[in-house]
Q: 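Mind looking over this structure? Questions follow.
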Number of protein chains: 2
Amino acid sequence: MLKYQQIAMDIEKYIEEHQLQQGDKLPVLQTLMTQFNVSKSTITKSLDLLEKKGIVFQVRGSGIFVRRNKRKGYISLLSNQGFKESLEDFNVTSTLLALEVRKPTPEAAQNLNMPSDGDVYYVKRIRYIDGKTLCIEESFYNKSIITYLNKEIVSDSIFDYIRDGLGLKRGFSDLYLYAGMLNEEEAEYLGLFTGAPKLCVETIFHLTNGQPFDFSKVTYHYEQSQFFIQANSHLFEQETT
Amino acid sequence: MLKYQQIAMDIEKYIEEHQLQQGDKLPVLQTLMTQFNVSKSTITKSLDLLEKKGIVFQVRGSGIFVRRNKRKGYISLLSNQGFKESLEDFNVTSTLLALEVRKPTPEAAQNLNMPSDGDVYYVKRIRYIDGKTLCIEESFYNKSIITYLNKEIVSDSIFDYIRDGLGLKRGFSDLYLYAGMLNEEEAEYLGLFTGAPKLCVETIFHLTNGQPFDFSKVTYHYEQSQFFIQANSHLFEQETT
DNA sequence: GAGTGGTCTAGACCACAAA
DNA sequence: TTGTGGTCTAGACCACTCA
């Protein structure tokens, strides 16, 4: 583990354990430098990482402060795409409806940037939160990359398997989000009426080299799902040339 | 303007002008260093910024590549909260329904972290995209920070005014997102039926010092609105200690 | 003006990808 | 093995906040 990652984790753990609240001040850079015995750049890098994760914010000339959003029960759209870790306080379970090798839909083929006569693993699941239906999830894995899947892997953590079993590394992902009305089949699964609102999230997961390996489409029960996103300032600074 | 920001802009412009596509390779670090005549760290910082903005991705041992999402007509939930710049290709207009000083709702007071007997500027707008209704927007500005607003400012760009007119700087924001059903009033505004799906986004905007100054609640027409988010890998690396 | 975070440099060394 | 990006350092200097 790299120094700056380790330090970031230590600081994050410190914030957790001491129950620091939004606005609480952390030690100054100089202190952190000597405390962790590293150079200024390394500390800065740790703090930048924590800032990116929405855990602190830095104010020039003033200090480093804890950032913490108050609302509970919201699903983070950024930090974890693999559930499990998100919604820690809730009991999330799932049922496997399908696991098979097939040809991709045209949509899946396009999003996975693969030929439509190639093979994909198709996985369909329902997820429950505290016993209530949370969402329907359909995933397409490019079989030329994800060469093997079985029930055990799917019911455990696919992403862990991809990293540890296949030795592949996840890179960036693109998320697309929209609302609509449930069709008959979806309504049935979610225990709602046809025409009720739905919230859909499509995600394309890439490897670190930019190759897409997983296209997933998740349909949420609108009453069980709320999302949050933490946006950082750096993205829209220098907007006027 | 800082060196690394300028360089980031130059590279971004280069990608735009040469219509580079996802996966296209940029010059190597060494080349960029000499080309811009700066140190390695500075170039790295520029590229990190571009990576955060979802414009490039870097692959150790291999190179720097263009990242570009293909779908058109999606609203970015991260880069711009001020419309105007997002959805460039579309004609976005708006109508002002209300602009007044009042007491905040309990919800607004809490989100703005202000006393409920303080004053806020309340702004209600409808936005149109290519003539079709896009959303209803209600905003609450803490009047002790945003001391003055008028019709000109509101119909122009509030955020520009906050920066240039008041000399304040935007920091991070928290976004909350959920789906639901339109009530009668909302349905009327959006030209849909009561009970039709809606997509709501609540945003709390903060100054760089962490103080919230704007709480906004936007209700979208589900047929006109689609969103996208670009997620980066760094956020979920080191997940297992 | 003192304190604090941010930028930038030059250079050593490390880790990974691809041939 | 070579090329390429990533980490880390020590230190100079800059820019902002706050009393």
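Naming convention: chains lettered A, B, ... in sequence-line order (proteins, then strands); numbering from 1 in each chain. Below, all heavy atoms of this structure are taken into account, side chains as well, without hydrogens, waters or symmetry copies.
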Q: Using the test ring-ring contact (aromatic ring centres under 6.0 Å, His included), find all partners of B:Y161 that sit at least two apart in sequence or belong to another chain.
A: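 Listed in chain order: nothing, the list is empty.
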Q: Which residues pass the side-chain hydrogen bond (donor to acceptor under 3.5 Å, both in side chains) test with B:Y14, not counting sequence neighbours?
A: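 Partners of B:Y14 under the side-chain hydrogen bond (donor to acceptor under 3.5 Å, both in side chains) test: none.
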Q: With each end axis built from five pairs of C1' atoms, what bend angle do you get for the helix from C:dG1-D:dC18 to C:dA18-D:dT1? Round to 10°.
A: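 So the angle between the two local helix axes works out to 30°.
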Q: Over how many whole Å does the gap from B:F57 atom CZ to D:dT4 atom C1' extend?
A: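 In whole Å, D:dT4 C1' and B:F57 CZ are 15 Å from each other.
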Q: Show every donor-acceptor pair shorter than 3.5 Å between a side-chain atom in residues 109-118 of chain A and any protein atom, with sequence neighbours excluded, or say none if there are none.
A:
unit_1	atom_1	unit_2	atom_2	d
A:N111	OD1	B:R71	NH2	3.2
A:N111	ND2	A:E107	O	3.0

Q: Sorted by first residue and then second, give each side-chain hydrogen bond (donor to acceptor under 3.5 Å, both in side chains) pair with at least one member in residues 15-36 of chain A; sequence neighbours left out.
A: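 Of all non-adjacent pairs touching residues 15-36 of chain A, those that pass side-chain hydrogen bond (donor to acceptor under 3.5 Å, both in side chains) are A:E16-A:R68.
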Q: Ion pair present between B:D119 and B:R102, side-chain N to carboxylate O less than 4.0 angstrom?
A: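 Here B:D119 does not pair with B:R102 in a salt bridge, since their nearest N and O are not under 4.0 Å apart.
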Q: Only counting residues at least two apart or in another chain, list the ones meeting salt bridge (charged side-chain N to carboxylate O under 4.0 Å, His left out) with B:K169.
A: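 Per chain and number, B:K169 pairs via salt bridge (charged side-chain N to carboxylate O under 4.0 Å, His left out) with no residue.
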Q: By ring-ring contact (aromatic ring centres under 6.0 Å, His included), which residues pair with B:F140, not counting sequence neighbours?
A: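 Counting only residues at least two positions away or on another chain, B:F140 forms a ring-ring contact (aromatic ring centres under 6.0 Å, His included) with B:Y122.
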Q: Using the ring pair (Phe, Tyr, Trp, His ring centres under 6.0 Å) rule, pick out the option among B:F159, B:F215, B:F172 that qualifies with B:F205.
A: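 Exactly one option meets the ring pair (Phe, Tyr, Trp, His ring centres under 6.0 Å) with B:F205, and it is B:F159.
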Q: Can you list, in residue-number order, the parts of residues 28-47 of chain B that come under 4.0 Å of DNA chain C, counting heavy atoms only?
A: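 B:V38, B:S39, B:S41, B:T42, B:K45 - these, ordered by number, are the residues of the stretch whose heavy atoms sit under 4.0 Å from the strand.
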Q: Taking the six-membered ring for Trp, are B:F228 and A:Y176 parallel (under 30°), tilted (30 to 60°) or perpendicular (over 60°)?
A: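 Because their plane-to-plane angle lies in the 30° to 60° range, the rings of B:F228 and A:Y176 count as tilted.
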Q: Could I get a table of every N or O pair under 3.5 Å where one atom is in the protein and the other is in nucleotides 17-19 of chain D?
A:
unit_1	atom_1	unit_2	atom_2	d
D:dT17	O4'	A:G61	O	3.3

Q: Heavy atoms of chain B, cut-off under 4.0 Å: which first and last nucleotide of DNA chain C, 5' to 3', fall inside that, if you could look?
A: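 Under 4.0 Å from chain B, the extent on DNA chain C is C:dT7 to C:dA17.
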Q: What residues, two or more places apart in sequence or in another chain, satisfy ring-ring contact (aromatic ring centres under 6.0 Å, His included) together with B:F36?
A: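 For B:F36 there are no ring-ring contact (aromatic ring centres under 6.0 Å, His included) partners, ignoring immediate neighbours.
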Q: Sequence neighbours excluded, which residues qualify as ring-ring contact (aromatic ring centres under 6.0 Å, His included) partners of B:Y178?
A: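 Not a single residue meets the ring-ring contact (aromatic ring centres under 6.0 Å, His included) criterion with B:Y178.
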Q: Does B:N150 CG have over 12 foreign heavy atoms under 6.0 Å away?
A: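 Atom CG in B:N150 is packed in, count exceeds 12.
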